[in-house]
S.K.: 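One structure coming up, written as structure tokens, with questions to follow.
Each chain gets a letter, A, B and so on, in the order the sequences are listed, and its residues count up from 1.
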Number of protein chains: 2
Amino acid sequence: MTTAAMNHQFRLARRPIGLPNADDWQRTTEPVPAAPEGGVLVQTLALSLDPAMRGWMNEGKSYIPPVGIGEVMRAGGVGRVLASSHPKFAQGSLVSGVLGVQEYAAFDAAGIKRAGLVPIDTRLGTVTQWLNVLGMPGMTAYFGLLDVGMPQPGHTVVVSGAAGAVGQTVGQLAKIKGCRVVGIAGGTAKCDWVMNELGFDACIDYKAGNVRAGLKQHCPNGVDVYFDNVGGDILDEVLARLAMNARIVICGAISQYNNTTPIQGPKNYLSLLVHRARMQGMVVFDYASRFPQAVAELSGYLKDGRLKSREDVVQGIDNFPDALNRLFSGANFGKLVLGVAPLDA
Amino acid sequence: MTTAAMNHQFRLARRPIGLPNADDWQRTTEPVPAAPEGGVLVQTLALSLDPAMRGWMNEGKSYIPPVGIGEVMRAGGVGRVLASSHPKFAQGSLVSGVLGVQEYAAFDAAGIKRAGLVPIDTRLGTVTQWLNVLGMPGMTAYFGLLDVGMPQPGHTVVVSGAAGAVGQTVGQLAKIKGCRVVGIAGGTAKCDWVMNELGFDACIDYKAGNVRAGLKQHCPNGVDVYFDNVGGDILDEVLARLAMNARIVICGAISQYNNTTPIQGPKNYLSLLVHRARMQGMVVFDYASRFPQAVAELSGYLKDGRLKSREDVVQGIDNFPDALNRLFSGANFGKLVLGVAPLDA
């Protein structure tokens, strides 16, 4: 690192109404900070762009405090340790954690904890896989499906956002566990991929057709586990096809995140009563102590070829605002990643 | 019984749209049937009028087949065995089961099973208590609260329809189990009763005021268990006040049963995600094998005075249509019972 290096950042300029636009962001340039005593300086290699980020931009109580106006936008990422006086982090090693939408991030010992900074081992997966299968989306899929969804062999598992970061791992993991898996995704290309490459049993293209008819065709015995990433009408359609004692994992509701009107509540929720079913929310951070177990299992599946991953990398920090919005139009195909430094660096 | 005795019945004439009205019913008169060989003839003493009956009048898939047009309306009740050639049922003994809205019901051996006819012991509770605490409402309260709601001592339990059949037992049972209990009911009289007579810690009068403010005041640490009998806006208000890992028991949604527009879905359902909470439906029939255990426990509480019950008895089978509709206006105060024969008979 030369002393001339500058740090580019995206800060939240104001709280968006509906879909975020350029004026909601402030791009700042600062000198690269020094590594604090007992801490580290990290260069961001790649950032995870996630639907949940939209929620973090809103005011109000949630499972995590909102990003403050003027603060660097919160984002998980993988980076390289440029300087360190912390015994756990060697210079040159790779780490993951909440780096923020910026090219460099400095942390003291307390900041390392707050950011959840941990070393990563690229023998287990690539940098982008550490933002996908081995990162938060994979952890969300693993614990959401197994701990909350509790599928049994032979069960029918439906997952929305099937080609997305969480959905792709949910579906493949459910297949590995012996379930019948039906994806819901937008467009032929995504549906073909989850069926032909990932081995899902069926996929319903919600942009092309009739989700209700697709569920009826592909889930003749009802839906035992529904992993919901989207909310809205699709949640209602699945509610109408539940099997007895079904479990719905509420992971997200991307269809509702940019609403300027109230959230659409599931009008078929009384199907929970008829089918003695349950709908349960989950937040991945609760399972942090068990991440190593999940990483070990999932990286094993990556190694033996039973688990595949697809990342959609948009290169360049200046593309952050547009890249984030690709999530909401469904333009991304696979886990959306913002490349900040050359990934082969 | 004389040979001249006639049996009056209410049959479903057509499927109601919205609130049932007089034209939805057909009153019929038939000779009292004989007890079939190996079966029983039962004289109805009292019938249970329940919100669920409204659902049974609709066409379509539910947890139980709809009542057919022209069929005697389904209703649980307590009756006296007038004639029997079944070894389990002595002449003159009392039974409970699905008798239907009629003065007399005859069952062969298969019909006895279908109707769930069982002897009742009036030393454990009165005839009307056998339709309330010791009947379906009490069983619903017991298994819904304990098995699905899973309250722990010190938890805050909120129950809607607090003065109703299920709600009164839910709240008292939660108190017995060491919880803090907040009721939601319509009107000062009902709120005063659940607080002063049943020992609830607080009650929010939804007709008078602001449910949101009441929940904020009386549930400062959030709601651990919500037992929902009403749905609609109240469900949304409670969702907005959940504690972490809360459980919502979906028992019913009386506010929505006479809708002529779609059911109102809970627009705050993403609170399940924020609070890692779950919403689960229950149907009391699933717990039938454990009813004796619940009856034993609840009748013990009745005996030692820890559990009280209140029934609102409307006398006369011809009052059935109007009496049923009292449920939907909230005019009943306590478990609504239709007296068909003199209860001291």
S.K.: Just so I know, are the side chains of B/Leu272 and A/Gln280 near enough to count as touching, which here means a heavy-atom distance under 4.5 Å?
M.R.: no
S.K.: Most heavy-atom pairs under 4.5 angstrom with chain A, which of B/Lys267, B/Met244, B/Gln264?
M.R.: B/Lys267
S.K.: Please report the interatomic distance CD1(A/Ile250) to CZ(B/Arg278), rounded to the nearest 0.5 Å.
M.R.: 14.0 Å
S.K.: Against chain B, label A/Pro266 side chain, backbone, both or neither, depending on which of its atoms sit under 4.5 Å from a heavy atom there.
M.R.: both
S.K.: Quick check on B/Ile17: does its CD1 atom have over 12 non-hydrogen neighbours (other residues, nucleotides or ligands) under 6.0 Å away?
M.R.: no
S.K.: If you round to the nearest 0.5 Å, how far is OH of A/Tyr269 from CD1 of B/Ile248?
M.R.: 9.5 Å
S.K.: Which one, A/Ala277, A/Ser62, A/Ser271, leads in non-hydrogen pairs under 4.5 Å with chain B?
M.R.: A/Ala277
S.K.: Can you say whether B/Leu239 sits under 4.5 Å from chain A via the side chain, the backbone, both, or neither, judging by heavy atoms?
M.R.: neither
S.K.: Counting only heavy atoms not in A/Asp233 (residues, nucleotides, ligands), do more than 12 fall under 6.0 Å from its CG?
M.R.: no
S.K.: Does B/Arg276 reach the side chain of A/Tyr63, with side-chain heavy atoms less than 4.5 Å apart?
M.R.: yes
S.K.: Heavy-atom count check: over 12 atoms from other residues, nucleotides or ligands less than 6.0 Å from B/Lys216 NZ?
M.R.: no
S.K.: Heavy atoms, side chains only, cut-off 4.5 Å: are A/Met282 and B/Leu273 in contact?
M.R.: no
S.K.: Report the C-alpha separation of A/Ile263 and B/Asn268 in whole Å, then their side-chain angles, then the decisive distance to 0.1 Å, and conclude whether the side chain to side chain contact (heavy atoms under 4.5 Å, CB included) test is met.
M.R.: CA-CA 7 Å; A/Ile263 294 273; B/Asn268 289 337; over 6 Å; no
